[in-house]
There are 2 protein chains.
Amino acid sequence: MTDGHESAPTGVRRTTRQRTAVSSALAEAGGFLSARDLHDRLAAQGERVGIATVYRTLASLASTGEVDVLLRDDGESVYRRCSSAHHHHLVCRECGRTEEVTGPTVEAWATAEAERHGFRDVRHTVEITGICATCTL
Amino acid sequence: MTDGHESAPTGVRRTTRQRTAVSSALAEAGGFLSARDLHDRLAAQGERVGIATVYRTLASLASTGEVDVLLRDDGESVYRRCSSAHHHHLVCRECGRTEEVTGPTVEAWATAEAERHGFRDVRHTVEITGICATCTL
DNA sequence: TCTGAACATGAGAATCAGTATCAACTAGCG
DNA sequence: CGCTAGTTGATACTGATTCTCATGTTCAGA
Ligand SMILES: [Zn+2]
Ligand SMILES: [Zn+2]
Ligand SMILES: [Zn+2]
Ligand SMILES: [Zn+2]
């Protein structure tokens with residue numbers, strides 16, 4: 001772990017067929033998809049991209065804030081192209097439909113609550129789930 | 001999948017050495033532990049309980065609300081004996097110290113936000129993390 | 001106390017998402 | 001074109017959690 005004589009990326013991000021494919025497939029999807037879902041979707045449209053590359057690309061997109069990552073209850077991560085502004089999600093447990101919600105209320109509450117306990121450098125996770133109007137019909 | 005002639009538990013909950021051991025070990029621990037942690041802890045004190053049983057017991061305790069389950073970022077679940085009243089957690093990212101926080105504010109916000117979008121049967125997850133006072137010193 | 005059916009257990013196999021390897025491949029620059 | 005650093009993907013691997021199923025226990029009832 002002293003130097004990088006092997007091939008540690010130095011910061012250049014190349015454009016490849018695979019990265020483009022993953023990005024646009026994710027954009028077209030609109031909702032949340034797991035890496036596996038995305039891989040299948042790509043395969044269906046004839047784009048051959050290795051699952052490892054799908055994971056790598058998603059991780060990269062997530063680190064730049066281009067996609068949102070959600071850790072589902074079953075432990076699998078799902079991704080979605082997402083506005084970069086801080087916000088939370090309202091997800092339908094039935095059909096997966098997702099709405100973005102912003103909340104100065106929670107933001108303030110979370111911060112206040114944390115400071116009250118002497119915590120600093122506060123972050124938070126808020127997820128709301130329910131059954132959407134369509135699925136209630 | 002039509003009837004249960006095999007041995008599907010019908011609702012009776014028996015007391016066994018293993019369940020007692022898991023419950024009390026969890027109570028003694030106080031904080032959040034993974035199933036593996038708990039298994040090791042039991043082994044250390046001479047209690048031989050299969051890992052599968054640890055998982056089964058934890059799942060059972062979680063379903064009755066006797067323990068809290070938290071899905072960590074790395075995907076592993078951690079458990080903790082917990083008051084049954086609805087509340088959220090404020091966790092230190094450095095030492096793991098945990099405070100329980102309740103919030104009529106978030107409760108109301110989450111519900112209102114969900115209803116505004118036509119969602120019903122609303123549930124929510126809220127986790128706040130930060131660096132506690134002790135770790136800041 | 002004795003019985004037996006329903007429950008529970010545990011060793012090990014199976015699953016499954018995600019990561020590590022590493023040789024072959026290619027984008028981008030000059 | 002030709003080189004070099006960044007990329008890819010088949011595949012092995014890891015680590016958590018679940019499944020299998022033969023064997024061991026619990027406890028209501030006799
Ligand atoms: Zn829905
Ligand atoms: Zn927020
Ligand atoms: Zn701390
Ligand atoms: Zn709440």
Side-chain angles (χ1 to χ4, degrees), chain A residues 1 3-26 32-43 46-64 67 69-80, chain B residues 1 3-26 32-43 46-64 66-80:
Chain A
M1 197 174 273
D3 65 48
H5 65 69
E6 292 180 313
S7 68
T10 59
V12 189
R13 202 140 229 109
R14 294 184 181 168
T15 304
T16 65
R17 170 181 66 76
Q18 293 89 336
R19 288 182 184 173
T20 305
V22 169
S23 272
S24 55
L26 198 54
F32 280 98
L33 262 62
S34 68
R36 204 71 68 176
D37 290 338
L38 204 43
H39 184 250
D40 292 346
R41 200 173 254 253
L42 288 167
E47 283 286 3
R48 319 193 74 284
V49 181
I51 187 71
T53 297
V54 172
Y55 275 109
R56 280 187 293 241
T57 304
L58 287 173
S60 168
L61 290 172
S63 75
T64 63
V67 307
V69 188
L70 223 63
L71 188 52
R72 277 192 323 213
D73 282 350
D74 68 356
E76 184 172 13
S77 295
V78 285
Y79 309 78
R80 175 177 111 146
Chain B
M1 197 173 275
D3 66 48
H5 66 68
E6 292 179 315
S7 69
T10 58
V12 188
R13 196 137 249 136
R14 294 182 180 170
T15 303
T16 65
R17 171 181 65 76
Q18 293 88 336
R19 286 181 186 177
T20 303
V22 170
S23 273
S24 55
L26 198 53
F32 280 98
L33 263 62
S34 68
R36 196 74 63 174
D37 290 337
L38 205 43
H39 184 251
D40 292 347
R41 200 171 253 254
L42 288 168
E47 284 286 5
R48 318 192 75 282
V49 180
I51 187 70
T53 297
V54 172
Y55 274 108
R56 280 186 293 239
T57 304
L58 287 173
S60 168
L61 290 172
S63 76
T64 63
E66 288 180 70
V67 307
D68 244 15
V69 188
L70 222 64
L71 188 52
R72 280 192 321 216
D73 283 351
D74 67 357
E76 185 172 11
S77 295
V78 284
Y79 308 77
R80 173 177 114 147

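Lettering follows sequence order; numbering is per chain, from 1.
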C/dA8 phosphate, OP1 or OP2, under 4.0 Å from B/Q18 side-chain N/O: no

Please give, in whole Å, the distance from C/dC16 P to A/D74 CG? 11 Å

Tell me every residue that passes side-chain contact (heavy atoms from CB on, under 4.5 Å) with B/S34, counting only those two or more places apart in sequence or in another chain. B/R36, B/D37, B/E76, B/V78

Could you give the CG-to-C1' distance, from B/L42 to C/dT9, as a whole number of Å? 14 Å

What is the distance from CG of B/L58 to C1' of C/dG10, rounded to the nearest Å? 16 Å

Cut-off 3.5 Å, no hydrogens considered: what does the side-chain donor-acceptor table look like for residues 48-58 of chain A, sequence neighbours left out?
unit_1: A/T53; atom_1: OG1; unit_2: A/R56; atom_2: NH2; d: 3.2
unit_1: A/T57; atom_1: OG1; unit_2: A/T53; atom_2: O; d: 2.8

Distance test, side-chain N/O of B/R19 to OP1/OP2 of C/dA8, below 4.0 Å: yes

Only counting residues at least two apart or in another chain, list the ones meeting side-chain hydrogen bond (donor to acceptor under 3.5 Å, both in side chains) with A/R80. A/E100

Could you tell me how far apart A/D37 (CG) and C/dA17 (C1') are, to the nearest whole angstrom? 12 Å

State which residues pass side-chain hydrogen bond (donor to acceptor under 3.5 Å, both in side chains) with B/T20; sequence neighbours excluded, sorted by chain then number. none

Going 5' to 3' through nucleotides 18-30 of chain C, assign each nucleotide B (protein heavy atom under 4.0 Å from a base atom), S (under 4.0 Å only from sugar-phosphate atoms) or - (no protein heavy atom that close). BBB-----BBS--

For A/L33 and C/dA17, give me the distance from atom CG to atom C1', rounded to whole Å. 15 Å

Could I get the full list of side-chain contact (heavy atoms from CB on, under 4.5 Å) partners for A/A62, not counting sequence neighbours? A/V67, A/V69

Does the side chain of A/S60 come under 3.5 Å of the side chain of A/R13 through a donor N or O and an acceptor N or O? yes

